[in-house]
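Lettering of chains follows the sequences in order, A, B, ..., and the numbering in each one begins at 1.
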Protein chains: 2
Amino acid sequence: MSTSVVRAMRILELLSGAAKPMTLTSIAEELSIPKSTTHSILKALVGRGFLGLDEYQNYAVGLKAFEVGASHLRSTNAVEVVIPQLVGLTRDLGITSHYAILDGSDAVYLCKEDPPGLGLKLASSVGARLPAYTTAVGKAALAWLPEADLERHLDAIRAAVSQRQTVDRLIGELGGIRALGFSSDDGETAQGVRCVAAPVRYPSGPPGSIGVSYLRGSSLQDQQVIDGVVRAARRASEVLGYRD
Amino acid sequence: MSTSVVRAMRILELLSGAAKPMTLTSIAEELSIPKSTTHSILKALVGRGFLGLDEYQNYAVGLKAFEVGASHLRSTNAVEVVIPQLVGLTRDLGITSHYAILDGSDAVYLCKEDPPGLGLKLASSVGARLPAYTTAVGKAALAWLPEADLERHLDAIRAAVSQRQTVDRLIGELGGIRALGFSSDDGETAQGVRCVAAPVRYPSGPPGSIGVSYLRGSSLQDQQVIDGVVRAARRASEVLGYRD
DNA sequence: CCAACTTGTTCAGATATGTGAACCGTGTGC
DNA sequence: GCACACGGTTCACATATCTGAACAAGTTGG
């Protein structure tokens, strides 16, 4: 049911993940949709501005999609509360900070704050999706999940990773994270980069998490970073009305 | 052709502009789509994560839409060049700066930089769409448009505004803007707020524009602001490979 | 406590869309 | 210069969607 709508969404997802604009034929092949059908769907998406054509007439995510997506952030009032904390954190520590939430087996980055003076910024990680169990922000959000929700997310993770062992190790790790009050990641995601994250909790609903990334061997003391992150996350939780 | 895809997009646009989540019935009524059809389209959109349900089972733009939209920014390499200029501008002047591009009769804000210390930020204007002729950024982008493109955009504006006079005045204004090298807006959009903008030009394709907003009567000298904005926009243009 | 009004869901028939093959235009390599 | 490969477009028919009304479930108000 509603095949064409689902197909349109899959096209948007495909193009959003693609490194560069794609041709009609390659889209059709990748998603196993007949060319002619793909043609009419693409025409509709372009007509509405959700897709655009680059200089070589290849399809890419369009301006309207950006506009619509941006409205998601505006409606997430958590972001307004979290951003000031990210700004403070980045100012105090001089490193990049993030806010992320869980979606199934993944963590999705909603916003970030970069330190000044960082010449050209890295490719923006806003909107990025990473397996939750590989990132500090993902693990922090998982660790403070209510029992019932956790099961759901773990099921999604089990479906996504082949190794049974990975999930078992993760479950063990989550207990330790709760005890410590923060999660960390030492170069598991990116070589030489250390991440620390702590949960942002809501009166109801699953937690998000605030995290920072910095190079190992920088002048920062680990304890100083941990304190900053934990404090920022706790402050955000308080402003959001969470009482422990 | 492809009615359901177009309808799905219209639903996304509607919800992105809505102040709060909507019910199935209100969506169906607003867009004149039969309830049953709306039902199946909504189910498809929710299933793919492009829409989500809030606590009262009302529909709102979902996480996947945000994710897809964010990828538009990543693919717009202009943004990487422009952001450092916005950061510098905001640091030097202590006021909010923006980057916007034209889309038909509107200007759409792609990114912004807020000054530090601004307690709670205003509702983020990223992704916002305003009539181009009412904003400094919009007028700056229009003023440096190639002749052929300008006609197209003016047609769109003519279609959007009822007053013939408004467009004629705008056309006159554009000449002055080109001569000065920047556009401005004194409280036309928001009471007491002054905006100044200058074009970011590309080797090929239509220009975007960098702009700032500040309160009239602040300690800033207008000339100082103008110089900063013009310089930032010119630097961005140079990095992008534009030669005049 | 009932009635009237919501909102969301289901169903079978009318209707529009999806399909695949053939067609056209372009550019590439021989 | 020719043939081939590749991307995009069109068309008539099979098929799945869209429709509108009727139904279920929950809410409000008298």
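At whole-Å resolution of the value, CD in B:Gln57 and C1' in D:dT27 are 15 Å apart. Between A:Leu42 atom CG and D:dG8 atom C1' there is a gap of 11 Å when expressed in whole angstrom units. For B:Ile41 and C:dT9, the CD1 to P distance is 14 Å, given to the nearest whole Å. In this structure, the CG atom of A:Asp54 is 14 Å from the C1' atom of D:dG7, given to the nearest Å.
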Kindly list each side-chain donor-acceptor pair under 3.5 angstrom involving residues 49-57 of chain B, sequence neighbours excluded, with atom names and distances?
{"residue": "B:Asp54", "atom": "OD1", "partner": "B:Tyr56", "partner atom": "N", "Å": "3.0"}
{"residue": "B:Asp54", "atom": "OD1", "partner": "B:Gln57", "partner atom": "N", "Å": "3.2"}
{"residue": "B:Asp54", "atom": "OD1", "partner": "B:Asn58", "partner atom": "N", "Å": "2.8"}

What side-chain donor-acceptor pairs closer than 3.5 Å can you find for residues 7-16 of chain B, not counting sequence neighbours?
{"residue": "B:Glu13", "atom": "OE1", "partner": "A:Arg48", "partner atom": "NH1", "Å": "3.3"}
{"residue": "B:Glu13", "atom": "OE2", "partner": "A:Arg48", "partner atom": "NH1", "Å": "3.4"}
{"residue": "B:Ser16", "atom": "OG", "partner": "B:Glu13", "partner atom": "O", "Å": "3.4"}

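A:Lys35 is listed as a side-chain neighbour of A:Thr25, based on a closest heavy-atom distance under 4.5 Å.
Within the 4.0 Å cut-off from OP1 or OP2 of D:dT9, at least one side-chain nitrogen or oxygen of A:His39 is found. Between A:Ser2 and D:dT17, a side-chain N or O to OP1/OP2 separation shorter than 4.0 Å is absent. Using a 4.0 Å cut-off, no side-chain N or O of A:Thr37 falls inside it from OP1 or OP2 of C:dT17. Residue B:Thr3 places none of its side-chain N or O atoms closer than 4.0 Å to OP1 or OP2 of D:dC18. Contact between the side-chain N/O atoms of A:Arg7 and the OP1/OP2 oxygens of C:dT19 is found at a separation under 4.0 Å.
Counting all heavy atoms, side chain and backbone alike, A:Leu86 lies closest to A:Ser97 at O-OG, 3.2 Å. Scanning all heavy atoms of the two residues, the minimum distance from A:Gly138 to A:Ala107 falls at CA-CB, 3.9 Å.
Within a heavy-atom distance below 4.0 Å of DNA chain C, no residue of residues 9-18 of chain A is found. A heavy-atom distance below 4.0 Å to DNA chain D is reached by these residues of residues 19-36 of chain B, ordered by number: B:Pro34, B:Ser36.
A:Tyr202 is linked by a side chain to side chain contact (heavy atoms under 4.5 Å, CB included) to A:Ala78, A:Tyr99, A:Val200, A:Leu240, counting only residues two or more places apart in sequence or in another chain.
Classified by interplanar angle (parallel below 30°, tilted 30° to 60°, perpendicular above 60°), the ring pair A:His98/A:Tyr109 is perpendicular.
Across its full length, the helix from C:dC1-D:dG30 to C:dC30-D:dG1 shows an angle of 40° between the axes of its 5 terminal pairs at either end, rounded to 10 degrees.
There is no side-chain donor-acceptor pair under 3.5 Å between B:Thr96 and B:Ser213.
Residue whose closest nucleotide on DNA chain D sits further toward the 5' end, between A:Tyr56 and B:Val5: A:Tyr56.
Atom CZ of A:Arg129 has more than 12 heavy atoms from other residues, nucleotides or ligands within 6.0 Å.
In this structure, the side chain of B:Ser209 engages the main chain of B:Val137 through a donor-acceptor pair within 3.5 Å.
Ion pairing of A:Arg158 with A:Asp155 is present here, as a side-chain N (NZ or NE/NH1/NH2) and a carboxylate O approach within less than 4.0 Å.
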